[in-house]
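All residue numbers in this chain count up from 1 along the given sequence.
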Amino acid sequence: MQVAVVTFDGFNELDSFVASALINRCRKDGLEAFITTPTPVVTSMNGVEVTRQRPLEFLTEADVVLIGSGVKARDVVADDRLISRLVLDPSRQLIGAQCSGALVLARLGLLNDMPACTDRKSRPFVEACDVTVLDGPFHAEGNIATAGGCLASQYLATWVITRMLGEDAARHVIDYVAPVGENHETVERAMRAVHAGEVALH
């Protein structure tokens, strides 16, 4: 089971690295994440250069696709050539977006009438796409999910692990990375966020 963490130039490190690091704690169970980029090297919003693990063409093979955010998200959605390389299939893939990644899902027509979560700075731009933005950190309907706020990337990872390997696997990962002494509350917060976000579709 392969996860593409789509990472564009100007990316937010927390979004791409937290999600991929948490998911990769499940490698022994067959779930693995790869930083997937449109160019061989991308540079983060803070100047960190990262060499890609997979090219965008990997998206057609991936079981899960997570779209990261960054300071150039509006440039990404304005680039028709780049957008045309994002070939996604929600009928067979789990698809998630972090913060301004919601703009990419909107541009691809994947949100339809679905509300979304995003960060405060991206909110007006997502709303300009006729998408209702929720005041919450996580929302999922079927195979599509969005998360808002950098640290909500843990919720996106929790959702992916739960859907692919089950809740016990997700609890184990969050428990492992939780601040010492805050394990129980960290695990419960993550599971509560994911369950509440999914219940909202009923």
Candidate pair T146 and Q98, rule side-chain contact (heavy atoms from CB on, under 4.5 Å), full reasoning: CA-CA 6 Å; T146 54; Q98 179 67 42; over 6 Å; no
Contact summary for N143 and P90, nearest pair of heavy atoms: ND2-O, 2.9 Å
Got a second to check how far D15's CG is from S100's OG, nearest 0.5 Å? 7.5 Å
When you check the side-chain N and O atoms of N183 and T186, is any donor under 3.5 Å from an acceptor? no
Using a strict cut-off of less than 4.0 Å between a Lys/Arg side-chain nitrogen and an Asp/Glu carboxylate oxygen, indicate whether R171 and E188 qualify as a salt bridge. yes
Linked, directly or transitively: F138 and I161 (ILVMFWY side chains, under 4.5 Å): yes
Which pairs would a plain distance check flag for residues 107-115, meaning a side-chain donor or acceptor within less than 3.5 Å of a matching protein atom at least two apart in sequence or in another chain?
{"residue": "R107", "atom": "NE", "partner": "V77", "partner atom": "O", "Å": "2.8"}
{"residue": "R107", "atom": "NH2", "partner": "D80", "partner atom": "OD1", "Å": "2.3"}

Heavy atoms of A190 and Y155 approach each other most closely as CA-CE2, 3.5 Å
Does the side-chain contact (heavy atoms from CB on, under 4.5 Å) test come out yes or no for D79 and D75, once each step is laid out? CA-CA 6 Å; D79 187 336; D75 294 334; over 6 Å; no
Under a 4.5 Å side-chain heavy-atom rule over Ile, Leu, Val, Met, Phe, Trp and Tyr, are F8 and V18 clustered together? no
Do D63 and M164 have side chains that get closer than 4.5 Å, going by heavy atoms? yes
Which atom pair, heavy atoms only, marks the closest approach of A145 to L105? O-CD1, 4.2 Å
Do V5 and T7 come within less than 4.5 Å of each other through their side chains, counting heavy atoms only? yes
Considering only NZ, NE, NH1 and NH2 on the basic side and carboxylate oxygens on the acidic side, decide whether R85 and E57 come within less than 4.0 Å. yes
If you look at every heavy atom in A97 and A102, which pair is closest and at what distance? CB-N, 3.6 Å
Using side-chain heavy atoms (C-beta onward) and a distance below 4.5 Å, is M45 in contact with E13? yes
Heavy-atom distance under 4.5 Å between the side chains of E198 and R163, does that happen here? yes
Going by distance alone, is a donor N or O of one side chain under 3.5 Å from an acceptor N or O of the other, for S44 and N46? no
Any side-chain heavy atom of T36 sitting closer than 4.5 Å to one from P55? no
Got more than 12 heavy atoms from elsewhere within 6.0 Å of CZ, R74? no
Can you see which heavy atom on L103 is nearest to which on C129, and at what distance? CD2-SG, 4.0 Å
Polar side-chain atom of T158 near backbone of Q154 as donor-acceptor pair, under 3.5 Å: yes
Pairs where residues 59-99 contributes a residue and the test ring pair (Phe, Tyr, Trp, His ring centres under 6.0 Å) is met, not counting sequence neighbours: none
CZ (R25) and OG (S20) are apart, to the nearest 0.5 Å, by 11.0 Å
Over all heavy atoms of both residues, which pair between L14 and C150 is shortest? Give the atoms and the distance, please. CD1-CB, 3.7 Å
State, yes or no, whether a side-chain contact exists between E167 and M191 at a heavy-atom distance under 4.5 Å. yes
Is atom CZ of R92 surrounded by more than 12 heavy atoms (other residues, nucleotides or ligands) closer than 6.0 Å? yes
Between I144 and L86, is there shared hydrophobic-cluster membership here, with clusters defined by ILVMFWY side-chain heavy atoms closer than 4.5 Å? yes
Interatomic spacing from CG in D89 to CD1 in I95 - rounded to 0.5 Å: 7.0 Å
Quick one: do L22 and V177 satisfy side-chain contact (heavy atoms from CB on, under 4.5 Å)? Show the steps, please. CA-CA 8 Å; L22 292 178; V177 302; 3.6 Å; yes
I need the single residue from T37, I35, L88, L59 that forms a side chain to side chain contact (heavy atoms under 4.5 Å, CB included) with V6. Which is it? L59
Distance, nearest 0.5 Å, that separates CD of E32 from CD1 of I23: 11.0 Å
With under 30° as parallel and over 60° as perpendicular, where do the rings of F11 and F17 fit, or are they tilted in between? perpendicular
Which value, rounded to the nearest 0.5 Å, describes the distance between Q93 atom CD and T60 atom OG1? 8.0 Å
Flag the pair V65 / L94 as yes when at least one side-chain heavy-atom distance between them is below 4.5 Å, and no otherwise. no
Give the cluster check for L156 versus M1: same hydrophobic cluster or not, with ILVMFWY residues linked at side-chain heavy-atom distances below 4.5 Å. yes
For a 4.5 angstrom cut-off between non-hydrogen side-chain atoms, does R54 reach R52? no
Is it possible for you to say whether F34 and V3 belong to one hydrophobic cluster, with membership spreading through side-chain heavy-atom contacts below 4.5 Å? no
F58 CZ to Q2 CD distance, which is reported to the nearest 0.5 Å: 4.0 Å
